[in-house]
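Down below is the structure, laid out as structure tokens.
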Amino acid sequence: MAKVITPRSEDYSRWYTDVVTQSQMADYSPVKGCMVIRPLGYSVWEGMQRELDARFKETGHQNAYFPLFIPESYLHKEAKHVEGFAPECAVVTHGGGKKLEEPLVVRPTSETIIYAMYAKWIRSYRDLPVLINQWANVVRWEMRTRLFLRTTEFLWQEGHTAHATEAEAEDEALRILEIYRRFVEDHMATPVYTGLKTESEKFAGALRTYCIEALMPDGKALQAGTSHNLGQNFSKAFEVKFQTQEGDWAHVWQTSWGVSTRLIGALVMEHGDDNGLSLPPRLAPVQVVIVPIWKTDEEKRRIAEVARLAVEELKGAFRVQADLRDEVSPGWKFNEWELKGVPLRLEIGPKDLEKDQFLAVRRTDRKKTPVPRGALVARTGALLEEIQSEMLEKARAFLRQNTRDATDYTAFKKALDEVGGFFRAHWCGSPECERRIKDETKATIRCIPLEGNREEGRCLICGARSARWVYLARAY
RNA sequence: CGGGGCGUAGCGCAGCCUGGUAGCGCAUCUGCUUUGGGAGCAGAGGGUCGGUGGUUCGAAUCCACUCGCCCCGACCA
């Protein structure tokens, strides 16, 4: 294997594709727009699932599973929803060699089929709240696809809740948004801006859509998760009603929320470099790899034994493995494990054996630190924590440095082309101005912060009075 | 759907313009020497040149049609 990754500065898009395929996270499938998630990529997803699932459970949610196929008519029950999703639906018209009486839509999202079930299950205020999540695949017939970032089929989780009051639903939507924000910061080492989507950007059928927005190194924003307050739009369409304590009938208030395998794409871009993937320790399927170096058979015997003992010692606390292959050189292993993003490498060769130490090398900056064998567990833990927090700090600094105030439309357009990133800009709130920005610059309002953005100003576009600023960026 | 590019060995490519029966690098296999940043030498195996049709004595090469993928734009997590 020679140098296989196109330098990021040369061609960002190819760099991304190279990292994903060469690290063996994923590969293209025979079906256009679809991808195969290989063991490395899937392990990262499992790590995400593990963390998120625990947080959902902690906040009272349970997992369930709803069918892949949705009767086409269900999709039509909520006007805005069908308008938003119909164009990108895959539809099954035949089964068992016969034409179906009613076509089945392959779920692009599961609101409709889940709420049809909720209508059946919910009778009383005592049945509320319903807090269900499902881990599933969904299909959206996108025109243009990219590994992880936008594929025809993708994996995600979708939470669907039903509440007795509007306030409860709003609390739920915000609670989940906070779970997402903390997960991507704490585990993905990816800082985000949180806020509200504009009317034109919100989920088809939602009352309000909250989101987390990250910034990629090429200056483009990436929506990393969404949480919707659906109000009563779906409960009215699907007749999800309950009897209140007072004996009246009321429609439930609902939320839905999700993050997808797109997060893996964000992780690749956020931390990767010309040597390949660089995974934050908390999500790395392999956190520590031990690479032995030997010449003679005697060295091989002794060093392999030390490596095995180290794995024994570390495996209780870390995801660790030793690369004892004899058919490839140490140098080859260094490159391979760096390509695969392992955050910490422990080298052990004759010189280290002499000094009764390992040589720790960090993936992020290749900084080398000797680690005495006696302090292996403690020092490894400290190094991994250090790496995790430095990755977040670096990403935070990048986000900070690439968030600029925009007060002049011409200057804004210039900066958008030259450096990209997020722009804080005043917006009068009119759909016309929002439209104009999008049409003229391809940038969109990524989100309206929930707080801290109240100040008097002038709309970047029309100059009208504005009471708040919003985040603008070009996005994936 | 528009613009661009590409389909030749597992992977990356050359050959095509100017037709003559397929080559290079990496990988794989065997052997020996190697191992602290992608080792060296010697040998071996591996291809209906995306598909269909046409032109021709002869097509990877020329012509027509067709299929697929990637990249850039319009829709989207």
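Sequence lines set the chain letters: A, B, ... in the order given, protein chains first and strands last, and positions in each chain run from 1. Just so it is clear, the structure is predicted and the values come from calculations on it, not from any experiment.
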Would you call the rings of A/F183 and A/H187 parallel, tilted or perpendicular, where under 30° means parallel and over 60° means perpendicular?
->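 Geometry flag for A/H187 against A/F183: parallel rings.
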Taking atom [atom1] in both [N] and [M], what distance in whole Å separates the two?
| N | M | atom1 | result |
| --- | --- | --- | --- |
| B/A27 | B/U21 | C1' | 27 Å |
| B/U61 | B/C29 | P | 34 Å |
| B/A59 | B/U55 | P | 11 Å |
| B/U56 | B/C16 | P | 24 Å |
| B/C65 | B/G47 | P | 33 Å |
| B/G12 | B/C69 | P | 16 Å |
| B/G20 | B/C63 | P | 15 Å |
| B/G5 | B/C41 | C1' | 40 Å |

Upstream residue (5' side of RNA chain B) when A/T226 and A/V328 are each assigned their closest nucleotide =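 The answer here is A/V328.
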When we call it a touch if two heavy atoms are under 4.0 Å apart, what does [X] touch: a base, just sugar-phosphate, or nothing?
| X | result |
| --- | --- |
| A/E347 | base |
| A/P350 | base |
| A/K333 | nothing |
| A/L149 | base |
| A/R325 | nothing |
| A/L359 | base |
| A/D352 | base |

Just by modelled atom types, is the A/R446 backbone N or O under 3.5 Å from a matching donor or acceptor in the A/T444 side chain?
->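 No; zero donor-acceptor contacts below 3.5 Å.
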Any idea which of [options] is nearest the [X] side chain?
| X | options | answer |
| --- | --- | --- |
| A/K442 | B/C75, B/G73, B/G38 | B/G73 |
| A/T151 | B/G36, B/C71, B/A77 | B/A77 |
| A/S13 | B/G36, B/C72, B/A77 | B/C72 |
| A/K351 | B/G37, B/A77, B/G36 | B/G36 |
| A/M143 | B/A77, B/A74, B/G36 | B/A74 |
| A/R144 | B/G36, B/C71, B/G37 | B/C71 |
| A/D326 | B/G38, B/C75, B/U35 | B/U35 |
| A/R345 | B/C75, B/G38, B/G37 | B/G37 |

Do we get A/K333 above A/W294's six-membered ring, with its NZ or CZ under 6.0 Å from the centre and within 45° of the axis?
->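 Judged by the rule (NZ or CZ under 6.0 Å from the ring centre, within 45° of its axis), A/K333 counts as positioned above A/W294.
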Does A/R345 make a cation-pi contact with A/F334 (under 6.0 Å, within 45 degrees of the axis)?
->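 Output yes; distance and angle both within limits.
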Under a 3.5 Å limit for both distances, which nucleotide forms a Watson-Crick or G-U wobble pair with [N], could you say?
| N | result |
| --- | --- |
| B/A39 | B/U33 |
| B/G45 | none |
| B/A64 | B/U52 |
| B/A27 | none |
| B/G2 | B/C72 |

Would you find more than 12 non-hydrogen atoms of other residues, nucleotides or ligands less than 6.0 Å from A/R50 atom CZ?
->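 Counting other residues, nucleotides and ligands, CZ of A/R50 exceeds 12 neighbours.
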Got a sec: does the CD of A/Q62 have more than 12 other heavy atoms crowding it under 6.0 Å?
->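 Counting other residues, nucleotides and ligands, CD of A/Q62 stays at 12 neighbours or fewer.
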Would you please confirm or rule out a distance under 4.0 Å between OP1 or OP2 of B/C71 and any side-chain N or O of A/Y28?
->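 So the side-chain polar atoms of A/Y28 do come within 4.0 Å of the phosphate oxygens OP1 or OP2 of B/C71, strictly under.
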A/S329 side-chain N/O to B/A39 phosphate OP1/OP2 under 4.0 Å =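 Checking A/S329 against B/A39: at least one side-chain N or O falls below 4.0 Å of OP1 or OP2.
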Indicate yes or no: does A/R208 engage A/E170 in a salt bridge with an N to O separation below 4.0 Å.
->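 Salt bridge between A/R208 and A/E170, a charged N being under 4.0 Å from a carboxylate O: yes.
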Per the atom types in the model, does the base of B/G37 pair as donor or acceptor with the side chain of A/E338 at under 3.5 Å?
->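 Answer yes: a donor N or O sits under 3.5 Å from an acceptor.
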